[in-house]
Amino acid sequence: MEAMKVILSIVERGQGSAMLRLYRKRYVPIHFQCAGKGTATSEIMDILGLGSSEKDVLISFAAASAAKQLLHDLDNDLRGHTGGAGIVVSIPVSGLNSLIANLAAYHAETLKDKEGETMKRTENSLILVVCARGCTDDVMSTAKAHGARGGTVIKGRLSGRKELEQAYEVELKAEREIVAIVVPTDLRGPIMEAINAEHGLRSEAQAALCSLPIEQIVRLG
């Protein structure tokens, strides 16, 4: 079976539905949509052309060929036609349940890659920081001090808390926020080390973090 990818899209609030319709036409059928909020100041967002701080976050699953073609189209034929600013990245998947993988592969069967087209690999990584609600400003301040430019915050809730509390002998807060930060790969290590040192599980932020490789990246708008 063809390899699978996750496509993470962070766009201005209200553009998520339009992006989903666009994705479905390009053989990307499976999506989860949630609300997020940018961490950059309004001045920085104006300079970078990132629009409003309120974001729609899409997590989509696609066959590798469909993901590759979609990001190529967003960076070429569709550039300027997506209706707003944002960022779209593709991330390799090491495991996925068969029902989702089979559906994504089925939708990609009719997709024909253009001959001679090559994938543009990027030197970027996605850092995900799960921290106690209300601590994202401190986490981002640490990340920015080590080279990050901004991130997107998604609200969530911790599951499996008792097992973690027993393992680390610490009382954990259930209300959580996820901070997604795209950074150059050479900054990934210093940023993660600083966040872990300042905001790790035994701190007020109680942060857990990981990084994922980004294969392709497109900035919209």
Side-chain angles (χ1 to χ4, degrees), residues 5-62 66-91 120 122 124-131 133-141 143-144 147-157 175-184 187 191 209 211-221:
K5 307 291 181 183
V6 166
I7 301 172
L8 176 66
S9 309
I10 302 173
V11 297
E12 292 184 45
R13 181 66 52 82
Q15 290 301 122
S17 296
M19 296 297 287
L20 291 182
R21 291 193 294 271
L22 177 66
Y23 287 6
R24 291 190 182 105
K25 292 179 180 179
R26 283 166 170 76
Y27 312 99
V28 180
I30 307 165
H31 315 273
F32 297 97
Q33 181 174 348
C34 49
K37 186 174 183 178
T39 62
T41 64
S42 59
E43 292 82 3
I44 292 297
M45 295 183 75
D46 289 341
I47 292 171
L48 298 178
L50 295 178
S52 66
S53 64
E54 299 298 321
K55 302 294 179 183
D56 283 343
V57 180
L58 309 179
I59 302 171
S60 310
F61 296 93
K68 174 183 175 182
Q69 189 63 53
L70 174 63
L71 269 77
H72 175 270
D73 291 345
L74 289 172
D75 202 26
N76 291 274
D77 298 344
L78 297 176
R79 178 164 289 281
H81 297 281
T82 54
I87 188 172
V88 181
V89 303
S90 69
I91 302 167
K120 294 187 293 183
T122 67
N124 294 281
S125 295
L126 174 67
I127 298 175
L128 296 177
V129 185
V130 183
C131 63
R133 190 165 295 180
C135 296
T136 53
D137 287 345
D138 292 338
V139 169
M140 277 308 308
S141 292
K144 289 178 179 178
R149 298 177 68 178
T152 299
V153 179
I154 306 168
K155 294 188 182 299
R157 187 175 178 83
E175 299 303 315
R176 296 267 139 181
E177 290 177 319
I178 303 168
V179 188
I181 312 169
V182 176
V183 299
L187 296 180
I191 290 174
L209 61 162
S211 68
L212 299 169
I214 292 175
E215 287 190 338
Q216 291 174 276
I217 181 169
V218 174
R219 297 188 183 278
L220 307 176

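We use all heavy atoms of the structure for the numbers below, so side chains are in, but hydrogens, waters and symmetry mates are not. These numbers were taken from a predicted model, which means no experiment stands behind them.
- Partners of Thr152 under the side chain to side chain donor-acceptor pair (under 3.5 Å) rule, at least two apart in sequence or in another chain, do not exist in this structure.
- The OG atom of Ser211 sits 12.5 Å away from the CG atom of Asn124 when rounded to the nearest 0.5 Å.
- Counting only heavy atoms from C-beta outward, the side chains of Phe61 and Val6 approach each other to under 4.5 Å.
- Here the OG-NZ distance, from Ser53 to Lys37, works out to 5.0 Å after rounding to the nearest 0.5 Å.
- Taking both residues in full, the closest heavy atoms of Val179 and Cys131 are given as CG2-SG, 4.4 Å, listed atom of the first, atom of the second, then distance.
- For the side chain to side chain contact (heavy atoms under 4.5 Å, CB included) with Leu128, the qualifying choice from Leu212, Leu8, Ile181 is Leu212, the only one to do so.
- Residues Val28 and Ile7 meet the side-chain proximity criterion, which asks for heavy atoms closer than 4.5 Å.
- Contact record, Val218 with Leu71: CG2-O, 3.4 Å, taken as the closest heavy-atom pair.
- A distance of 8.0 Å separates CD1 of Ile214 from OG of Ser90, quoted to the nearest 0.5 Å.
- Taking Arg157 as the reference, Glu175 meet the salt bridge (charged side-chain N to carboxylate O under 4.0 Å, His left out) condition, with sequence neighbours excluded.
- Of all heavy-atom pairs spanning Leu126 and Ala180, the tightest one is CD1-CB, 4.1 Å.
- The line from CG of Leu220 to CD1 of Ile10 is 10.5 Å long, rounded to the nearest 0.5 Å.
- Under the salt bridge (charged side-chain N to carboxylate O under 4.0 Å, His left out) criterion, Asp56 pairs with Arg13, sequence neighbours left out.
- Contact record, Glu215 with Lys5: OE1-NZ, 2.7 Å, taken as the closest heavy-atom pair.
- Among all heavy-atom pairs drawn from Glu177 and Cys135, the shortest one is OE1-N, 4.4 Å.
- Using modelled atom types, no side-chain atom of Arg26 and backbone atom of Ala67 make a donor-acceptor pair closer than 3.5 Å.
- Judged as a side-chain contact (heavy atoms from CB on, under 4.5 Å), and not counting sequence neighbours, the contacts of Ile154 are Cys34, Val57, Ile178.
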Show the atom names and distances, to 0.1 Å, of all donor-acceptor pairs under 3.5 Å that link a side chain in residues 16-25 to residues at least two apart or in another chain.
unit_1, atom_1, unit_2, atom_2, d
Tyr23, OH, Ser9, OG, 2.7

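- Contact annotation: the side chain of Arg176 never approaches that of Arg133 to less than 4.5 Å [non-hydrogen atoms, C-beta and beyond].
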